[in-house]
> 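Here it is, the structure in full.
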Amino acid sequence: MELADLLSPSRVSTGLPAASKKRALEELSGLMAAEDPALTQKDIFDSLLSRERLGSTGLGHGVAIPHGRLKKSQRVLAAFVRLENAVDYDAVDHEPVDLMFALLVPEESTDEHLQLLSQLAQMFSDPELLDRLRSAGDSDSLYRLIKNWQP
Amino acid sequence: MDFTNQVILIFSLLLMASVLASLFSARLGMPVLLVFLVLGMLMGEDGPGGIEFEDVQSAHLLGSLALAVILFDGGLRTDAGSFRVGLKPALSLAIIGVAFTAAITGVAATWLLNLPWLFGLLIGAIVGSTDAAAVFSVLHSRGLELKQRVGATLEIESGSNDPMAIFLTIGLVELLAAGKSELDWTMLSSFAQQFGLGGILGVAGGFVLLWLLNRLRLAAGLYPLLAMSGGMVLFGVTSSLGGSGFLAIYLAGLILGNRPLQAARNIRRFHDGIAWLSQISMFLVLGLLVTPSELVTTAPQAMAVALVLIFLARPVAVTLSLLPFGFAWREQLFVGWVGLRGAVPIILALFPLLAGLEYADTIFNIAFFVVLVSLIVQGWTVAPAARWLGLEIPPRTASWQRVDLDIPGAFEYELVGYRLEADSPATGRLIGALALPDRSRLVALIRGEQLLGPEVPEVKFEKDDHVYLLAAAQAIEALDRIFITVRTPERLKAQQFFGEFVLNGDAKLADVAGFYGFPIPDEAVDASIADYFRRRFHNQPVIGDRIRVSGVEMVVRDIKEGVVVQVGLRLAQKTD
């Protein structure tokens, strides 16, 4: 499974003015809910939030990868936002987060999904990519940056 | 006059050569103590130095003095927090372990050298203890950061097993000097006396010294001297009363090092220097004392004794002593390997000489040879062994500059300084946007010669800024993470080592398993992550402990008061 296949330009958003971690997660849930009629924003949000309760998904350096599993979802879905202002995320390095990549996987999870998460974590620890994502102008260029990233 | 000047010149040259040689040893990864010892031998009668030194009595005095200082410094540096995981296994090693090591080595020595068996046992006792100076210096060299279970156990062991070896040696020497050829029960009561008195006087004396240091108003330079002389008085008093002075001074150092203490940094820095001086002079003098050409005559037997000690006696003793503590085999193997012998066996080997025992020369030469072999074989390979056995953990950062403020009633506050580098985490961030830990405050920002801040929230940190903060000791680790760039080898990068995500210790294992779709063992259904680790690691989990559950791995990331508060989750094992 390729990372680029999970994302579409419609699920990338930039300059989102979220004031808190919860608000940001809601926005991400909304982006993903719009894609699959079987899913509601609330279901997705609850799943992401319950994962956060087990431990923050903030990776450090201002990046978070919230993720969840849902019974009703049929395929892997992703969304990406860049926040206007970084929000407090309780991340390992205590830095506030402004880049968020959300991943939603179906109930019958496979090793492939674990690999996917690992790959995302690797991708978002590339300082060069983070710099580019932060200075990119619009959501289209954000989408292209993620799509074209090579390890 | 001329003699005085010459002695001063020779000794200062030797000291300087030793200091400079330490640079060279760091580059080669050679244990620095070995360098000092060899330098001493080169200066001695068989080497180019040609100095004749055969004064056993003064060598013994200097050696004991130096050892006491080194143990005091070791105590000052030992974090009492490490006692949580290290104390019990270390004590077991220090008492049972030394006895087994001495017995096995002793039997081998009796047979190999064809000596009466009490003399063989004496050799075993002499080389029975690991050396605090050697272990501390090897473990703290070159940023080696070990799993706490292993590091703490080894350090506490090396600080506390000398009394056992000293007691065994003195007991045997007294028996032999009295012309006996069988073991005697009086040894047991003398053992209790050594440990009991040493322990009680060490703790009591430590607290008295602490009280004195915090109460008196002295010139700044006198605090370290008061601490050292206090420790030495304690050593002397305890020893004259028949207790173990070495144990007492180690415990006193431990107490001073782990309580709020006036002029603490000053005292530490002084003792760091004085401990180096002690190590250098002790090893130089011991190197001078030995006659290398005499070592050769017993070399094959001595080599055999050393090999038995390293490959049989120590590993067996470690395995038996650690049986109740649930160490993993890799950890046991490593503890067995770091059975470094150092100055203690050489100093102990002076006792038979002083008592005028038969075979005393042979015993001294064997002990010296064993120490040489141990320093070369084990000292050189500790770091690679730790790496090979996977016992390293990512290093912590260290502040660039720390100054005691000695604020009356609040000794724990310090002034910490950092020089920012281009890739320091704080560089480029707004001062106002920085989230500082509790009990810390920015007090100055100095750029070039200009004093900026702290009231400039809209200024960004730049490369080469000097940042000063007032902070309580507990906040400093968090500050280090903000201001210092950690350059770690790839395999120890946090993400590589601890995994991609973090989980809280109180999260239920079943909930985590639900998210990642891995099965969990039946007995863990209701357990939190912290419980699960506690059960699996005999109630004493440490940072770096890992549990694998079908493809994913959890690695302990942080521990507070013995409870796992954070673990890393490794999803992909790329490098295993």
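Values below: every heavy atom of this structure, side chains too, minus hydrogens, waters and symmetry copies. We name chains A, B, ... by the order of the sequence lines, and we start the count at 1 in each one.
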> Nearest 0.5 angstrom please: Arg53(A) CZ to Leu503(B) CG, how far?
15.0 Å
> Name the region of Leu59(A), side chain, backbone, both or neither, that has any atom closer than 4.5 Å to a heavy atom of chain B.
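Just its side chain gets close to chain B.
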> Heavy-atom distance under 4.5 Å between the side chains of Leu54(A) and Asn504(B), does that happen here?
no
> Which atoms of Ile65(A) come close to chain B, meaning under 4.5 Å heavy atom to heavy atom: side chain ones, backbone ones, both, or neither?
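Both backbone and side chain of Ile65(A) come within 4.5 Å of chain B.
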> Can you find a heavy atom in the side chain of Tyr516(B) that is under 4.5 Å from one in the side chain of Arg69(A)?
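In short, these two side chains do not touch, never coming nearer than 4.5 Å.
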> Measure across Phe501(B) and Leu117(A) and return the closest heavy-atom pair with its distance rounded to 0.1 Å.
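Reported closest heavy-atom pair: CZ-CD2, 3.9 Å.
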> Decide if atom CZ of Arg132(A) counts as having more than 12 heavy atoms of other residues, nucleotides or ligands within a radius under 6.0 Å.
no
> Should the heavy atoms of other residues, nucleotides or ligands under 6.0 Å from CG of Asp138(A) be counted, would the total exceed 12?
yes
> Does the side chain of Ser47(A) reach to within under 4.5 Å of the side chain of Phe515(B), using non-hydrogen atoms?
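Yes; the side chains approach each other to less than 4.5 Å.
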> Which atoms of His61(A) are under 4.5 Å from chain B, going by heavy atoms: the side chain, the backbone, both sets, or neither?
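Interface part for His61(A): neither.
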> Is the number of heavy atoms from other residues, nucleotides or ligands under 6.0 Å of Arg23(A) CZ greater than 12?
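Not buried by this count: 12 neighbours or fewer within 6.0 Å.
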> Does atom CZ of Arg134(A) have more than 12 heavy-atom neighbours from other groups under 6.0 Å away?
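Counting other residues, nucleotides and ligands, CZ of Arg134(A) exceeds 12 neighbours.
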> Give, for atom CG of Leu114(A) and atom CD of Glu500(B), the distance between the pair rounded to the nearest 0.5 Å.
9.5 Å
